[in-house]
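Since the structure comes first, as structure tokens, the remarks are kept for the end.
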Amino acid sequence: KSYLTKTLQRDDTFSEFSGRVIDEDGCPIKGATLFMEGQIQTTDVDGRFCFTFPVEEQTETKKIRISIKGYKDYLREDECPDTNLTYVLRKQ
């Protein structure tokens with residue numbers, strides 16, 4: 001038998017801010033637009049989104065705004081980085 005030893009190194013050059021957007025019934029909202037510090041993302045069919053940004057742009061918190069027709073706009077500031085956030089949008 002022969003073994004190969006491989007060293008894994010974490011890439012700390014980027015941080016991630018991700019999560020999910022749902023409605024009041026817990027259903028995912030597809031196509032919601034999220035704005036964060038000049039970046040724009042759109043939720044997928046499962047309501048998921050992901051922002052990545054260089055570590056030098058990391059701050060303790062980041063403001064996020066979420067909008068989609070038929071729902072009230074959502075504005076909040078959250079701890080950053082974070083990878084398991086859930087936002088609940090309320091219908092207008």
Side-chain angles (χ1 to χ4, degrees):
K1 291 183 178 182
S2 62
Y3 293 93
L4 175 64
T5 302
K6 195 162 193 169
T7 304
L8 298 177
Q9 186 174 4
R10 185 177 173 183
D11 181 0
D12 288 333
T13 57
F14 287 89
S15 290
E16 186 176 286
F17 187 98
S18 61
R20 196 165 182 225
V21 179
I22 60 174
D23 66 15
E24 296 169 289
D25 297 322
C27 297
I29 297 177
K30 176 187 174 188
T33 304
L34 297 94
F35 304 89
M36 179 190 286
E37 294 189 3
Q39 291 190 43
I40 300 172
Q41 292 287 325
T42 305
T43 55
D44 66 12
V45 295
D46 296 318
R48 299 200 177 278
F49 68 90
C50 181
F51 289 96
T52 56
F53 49 90
V55 169
E56 60 268 10
E57 293 178 17
Q58 182 176 328
T59 56
E60 284 188 26
T61 60
K62 292 217 181 276
K63 290 181 183 177
I64 187 164
R65 183 169 56 96
I66 307 168
S67 65
I68 187 168
K69 187 176 181 176
Y71 291 87
K72 294 179 182 177
D73 278 2
Y74 189 96
L75 179 62
R76 188 163 117 181
E77 194 165 335
D78 276 311
E79 188 174 323
C80 188
D82 202 337
T83 56
N84 197 19
L85 298 163
T86 300
Y87 296 99
V88 179
L89 298 188
R90 311 249 183 256
K91 292 189 178 180
Q92 289 182 332

Is a donor on one side and an acceptor on the other found under 3.5 Å between the side chain of [X] and the backbone of [Y]?
{"X": "D25", "Y": "C27", "value": "no"}
{"X": "T43", "Y": "G31", "value": "yes"}
{"X": "R65", "Y": "D73", "value": "no"}

Fill in the blank from the handout: Interatomic distance, CG@L85 vs CZ@R20, rounded to 0.5 Å, equals 13.0 Å
Practice task
Measure the CG-CD1 distance between L89 and I68 for me, rounded to the nearest 0.5 Å.
Solution key: 7.5 Å
Problem - Pairing residues for N84 by the side-chain contact (heavy atoms from CB on, under 4.5 Å) criterion, not counting sequence neighbours - result: none
Fill in the blank from the handout: Apart from V45 itself, members of its ILVMFWY cluster (side-chain separation under 4.5 Å) are none
Practice task
Walk me through it: do Y71 and I66 pass the test side-chain contact (heavy atoms from CB on, under 4.5 Å)?
Solution key: CA-CA 10 Å; Y71 291 87; I66 307 168; over 6 Å; no
Exercise for the section: Give the intermediate values and the outcome of side-chain contact (heavy atoms from CB on, under 4.5 Å) for residues I64 and F17. Expected result: CA-CA 10 Å; I64 187 164; F17 187 98; 3.8 Å; yes
Does [X] have any side-chain hydrogen bond (donor to acceptor under 3.5 Å, both in side chains) partners at least two apart in sequence or in another chain, and if so, which?
{"X": "Q92", "answer": "none"}
{"X": "D78", "answer": "R76, Y87"}
{"X": "S67", "answer": "none"}

Practice task
Please name all residues satisfying salt bridge (Lys or Arg N to Asp or Glu O under 4.0 Å) with E77, sequence neighbours left out, ordered by chain then number.
Solution key: none
Handout entry: Closest heavy-atom pair and its distance - T83, E16
Key = CG2-OE2, 3.6 Å
Practice task
Locate the shortest heavy-atom distance separating K91 from K72; write the atom from each residue and the value.
Solution key: O-CE, 3.8 Å
Exercise for the section: Walk me through it: do C50 and Q41 pass the test side-chain contact (heavy atoms from CB on, under 4.5 Å)? Expected result: CA-CA 7 Å; C50 181; Q41 292 287 325; 5.7 Å; no
Please list every donor-acceptor pair under 3.5 Å in which a side-chain atom of residues 32-40 meets a protein atom from a residue at least two apart or in another chain.
residue : atom : partner : partner atom : Å
E37     : OE1  : K62     : NZ           : 2.9
E37     : OE2  : K62     : NZ           : 3.4
Q39     : NE2  : T52     : O            : 3.3

